[in-house]
Participant: 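Can you keep this structure in mind? I'll have questions shortly.
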Amino acid sequence: DQKMVSAVQCMRREGIHEFTRGKRMTDLLDQATEQQADIQAEQTSEQPAPAAPREIAQRLRQETCAVRLQRGKWGVSRKLDKAQVQRAAEAFSADSRYVGGSKKLINRREKLYCNCTKILQEAVSHWKIVSIPYPENGIRLIRRDRIEPFNAKMAELRERLQAAAMELDTGYQQIVEDAREKLGELFNQNDYPSNGVAELFTLDWDFPSVEPAAYLQQLSPALYAQEQQRIQSRFEEAVRLTEASFAEQFQKLVVHLAD
């Protein structure tokens with residue numbers, strides 16, 4: 001009913017407030033689940049009015065900064081070349097223009113390879129847990145007092161990634177030989193780096209500025225004011241994205257509890 005909708009909306013806004021106070025998104029979802037039980041038990045209780053998005057956006061702008069995560073890995077698939085596509089088409093009496101395909105360079109479940117990709121996945125997961133969305137591809141917002149712990153965690157993960165990648169290199173030649181056997185005529189030695197693949201696994205992060213350039217303030221006050229408004233609008237959009245993300249995850253928890 002309307003009270004339930006209003007309460008959930010309030011929790012979404014309150015969730016962003018709690019993020020600025022230092023809570024992680026996973027903690028907020030646990031808290032929201034408890035609040036959901038309270039709401040169902042007290043349908044007639046009055047709910048506080050949610051704070052305005054502009055107010056929340058301004059607080060985010062003051063207490064967070066942008067964080068960007070970049071990662072690289074060995075890509076283990078390749079498109080079939082024209083000759084291979086032609087042969088595949090002929091096998092089925094098909095027009096090669098309507099046929100495509102790719103091959104796997106190795107078994108994606110190869111343990112040494114998976115050890116590397118799991119660390120990269122862990123890095124992405126941690127990045128998302130301690131941050132909230134921002135309307136620019138590859139960028140999220142993190143509390144400023146969480147930068148040092150985040151930096152330390154990423155440094156630990158990068159060290160683990162480098163170790164795992166070096167271990168992958170120790171078994172690399174055997175992996176290539178296994179691929180030669182499995183791929184048959186599709187095997188191409190040129191698909192496999194001659195010096196190993198350890199250097200292809202990378203994990204980097206930085207904290208790019210999303211604020212208007214300071215020099216604009218004196219160069220063109222009007223342009224600086226426009227940029228200030230544009231950035232304010234982006235932070236307001238970040239509030240909406242965070243509410244949507246929180247609501248989606250909260251809904252999944254509710255469905256899970258109902259099941």
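Since the model is a prediction, treat every value here as computed from it, not as a measurement.
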Participant: Please list, chain by chain and in numerical order, all residues satisfying ring-ring contact (aromatic ring centres under 6.0 Å, His included) with Y172, sequence neighbours excluded.
Facilitator: W74
Participant: Hey, can you pull the donor-acceptor pairs under 3.5 Å for the side chains in residues 148-157, sequence neighbours left out?
Facilitator:
unit_1: N151; atom_1: OD1; unit_2: W205; atom_2: NE1; d: 2.7

Participant: Using atom types as modelled and distance alone, determine if a side-chain donor or acceptor of T202 lies under 3.5 Å from a backbone N or O of G72.
Facilitator: yes
Participant: Using the rule given for side chain to side chain contact (heavy atoms under 4.5 Å, CB included), can you reason through R180 versus Q189, listing the C-alpha separation, both sets of side-chain angles and the distance that settles it, and then say yes or no?
Facilitator: CA-CA 8 Å; R180 186 191 303 274; Q189 185 67 54; 2.9 Å; yes
Participant: Can you name the nearest heavy-atom pair linking L112 to G171, along with the distance?
Facilitator: CD1-CA, 4.1 Å
Participant: Between P212 and I231, which heavy-atom pair has the shortest distance, and what is it?
Facilitator: CD-CG1, 3.9 Å
Participant: Can you tell me how far the CD atom of Q226 sits from the OG atom of S220, to the nearest 0.5 Å?
Facilitator: 7.5 Å
Participant: Looking at every heavy atom in both P133 and A238, which two are closest together, and how far apart are they?
Facilitator: O-CB, 3.5 Å
Participant: Say you draw a straight line from OG1 of T117 to CD of E110; how long is it, rounded to the nearest 0.5 Å?
Facilitator: 10.5 Å
Participant: Return yes when atom CZ of R109 has more than 12 non-hydrogen atoms of other residues, nucleotides or ligands closer than 6.0 Å, and no otherwise.
Facilitator: no
Participant: Quick one: side-chain hydrogen bond (donor to acceptor under 3.5 Å, both in side chains) partners of T170, sequence neighbours excluded?
Facilitator: none
Participant: For atom CD of Q62, decide whether the heavy atoms of other residues, nucleotides or ligands shown that lie under 6.0 angstrom number more than 12.
Facilitator: yes
Participant: What closest approach, in Å, do F207 and C65 show between heavy atoms, and which atom pair accounts for it?
Facilitator: CD2-SG, 4.1 Å
Participant: Would you say the side chain of K118 lies within less than 4.5 Å of the side chain of E122, judging by non-hydrogen atoms?
Facilitator: no
Participant: With a sphere of 6.0 Å drawn around CD of Q228, does it hold more than 12 non-hydrogen atoms of other residues, nucleotides or ligands?
Facilitator: yes
Participant: Suppose we screen for salt bridge (charged side-chain N to carboxylate O under 4.0 Å, His left out). Which residues come up paired with E237, at least two apart in sequence or across chains?
Facilitator: R240
Participant: What residues, two or more places apart in sequence or in another chain, satisfy side-chain hydrogen bond (donor to acceptor under 3.5 Å, both in side chains) together with Q173?
Facilitator: none
Participant: So how far is it from I142 CD1 to Y134 OH, rounded to the nearest 0.5 Å?
Facilitator: 15.5 Å
Participant: Using ring-ring contact (aromatic ring centres under 6.0 Å, His included) as the criterion, list what pairs up with Y113, not counting sequence neighbours.
Facilitator: none
Participant: Can you give me the closest heavy-atom contact between P221 and Q217, atom names plus distance?
Facilitator: CG-O, 3.5 Å
Participant: Find out whether Q232 and Q58 are in side-chain contact, i.e. whether some heavy atom of one side chain is under 4.5 Å from a heavy atom of the other.
Facilitator: yes
Participant: Using side-chain heavy atoms (C-beta onward) and a distance below 4.5 Å, is N115 in contact with L168?
Facilitator: no
Participant: Can you list everything that forms a salt bridge (charged side-chain N to carboxylate O under 4.0 Å, His left out) with E136? Sequence neighbours excluded, please.
Facilitator: R234
Participant: Could you state the interatomic distance from SG (C114) to CZ (R108), rounded to the nearest 0.5 Å?
Facilitator: 10.0 Å
Participant: Are L200 and L203 joined in one hydrophobic group, where the rule is that I, L, V, M, F, W and Y side chains link up if heavy atoms are under 4.5 Å apart?
Facilitator: yes
Participant: Table please: side-chain donor-acceptor pairs of residues 190-199 below 3.5 Å, with sequence neighbours left out.
Facilitator:
unit_1: D191; atom_1: OD2; unit_2: K103; atom_2: NZ; d: 2.8
unit_1: Y192; atom_1: OH; unit_2: L105; atom_2: O; d: 2.7

Participant: Kindly indicate, with the supporting measurements, whether the criterion side chain to side chain contact (heavy atoms under 4.5 Å, CB included) is fulfilled by V67 and V130.
Facilitator: CA-CA 10 Å; V67 58; V130 300; over 6 Å; no
Participant: Going by side-chain hydrogen bond (donor to acceptor under 3.5 Å, both in side chains), name the residues that satisfy it together with D178, two or more places apart in sequence or in a different chain.
Facilitator: Q174
Participant: Hey, mind stepping through L120 and K73 against side chain to side chain contact (heavy atoms under 4.5 Å, CB included) and telling me if it holds?
Facilitator: CA-CA 9 Å; L120 290 173; K73 66 178 182 179; 3.8 Å; yes
Participant: Quick check on the hydrophobic clustering: are I175 and F187 connected, directly or via other members, by side-chain heavy-atom contacts under 4.5 Å?
Facilitator: yes
Participant: Can you find a pair of side-chain heavy atoms, one from L186 and one from Q84, that are under 4.5 Å apart?
Facilitator: yes
Participant: How close do V210 and A66 get, counting heavy atoms only, and between which atoms?
Facilitator: CG1-CB, 3.7 Å
Participant: For the CZ atom of F235 and the CZ atom of R59, what is their distance to the nearest 0.5 Å?
Facilitator: 14.0 Å
Participant: Quick one: hydrophobic cluster around L216, which other residues, with the 4.5 Å side-chain cut-off, linked directly or via members?
Facilitator: Y215, L219, L223, Y224
Participant: For E185, I'd like to know if atom CD has over 12 heavy atoms of other residues, nucleotides or ligands within 6.0 Å.
Facilitator: no
Participant: Does any non-hydrogen side-chain atom of I119 lie less than 4.5 Å from one of R158?
Facilitator: no
Participant: Is there a donor-acceptor pair closer than 3.5 Å between any side-chain N or O of R140 and the backbone N or O of S131?
Facilitator: yes
Participant: Working to the nearest 0.5 Å, report the span between OG1 of T242 and CG of L141.
Facilitator: 7.0 Å
Participant: List for me each residue that meets side-chain hydrogen bond (donor to acceptor under 3.5 Å, both in side chains) alongside R144, sequence neighbours excluded, and say none if there are none.
Facilitator: none
Participant: Please identify each residue that fulfils salt bridge (charged side-chain N to carboxylate O under 4.0 Å, His left out) with D81, with sequence neighbours left out.
Facilitator: none
Participant: Group every Ile, Leu, Val, Met, Phe, Trp and Tyr by side-chain heavy-atom contacts under 4.5 Å, then state whether V176 and I106 land in the same group.
Facilitator: yes
Participant: Could you check whether any side-chain N or O of S233 sits under 3.5 Å from a backbone N or O of Q229, counting only pairs where one atom can act as donor and the other as acceptor?
Facilitator: yes
Participant: Hydrophobic clusters here meaning ILVMFWY residues chained together by side-chain heavy-atom distances under 4.5 Å, can you tell me if V124 and I147 are in one?
Facilitator: yes
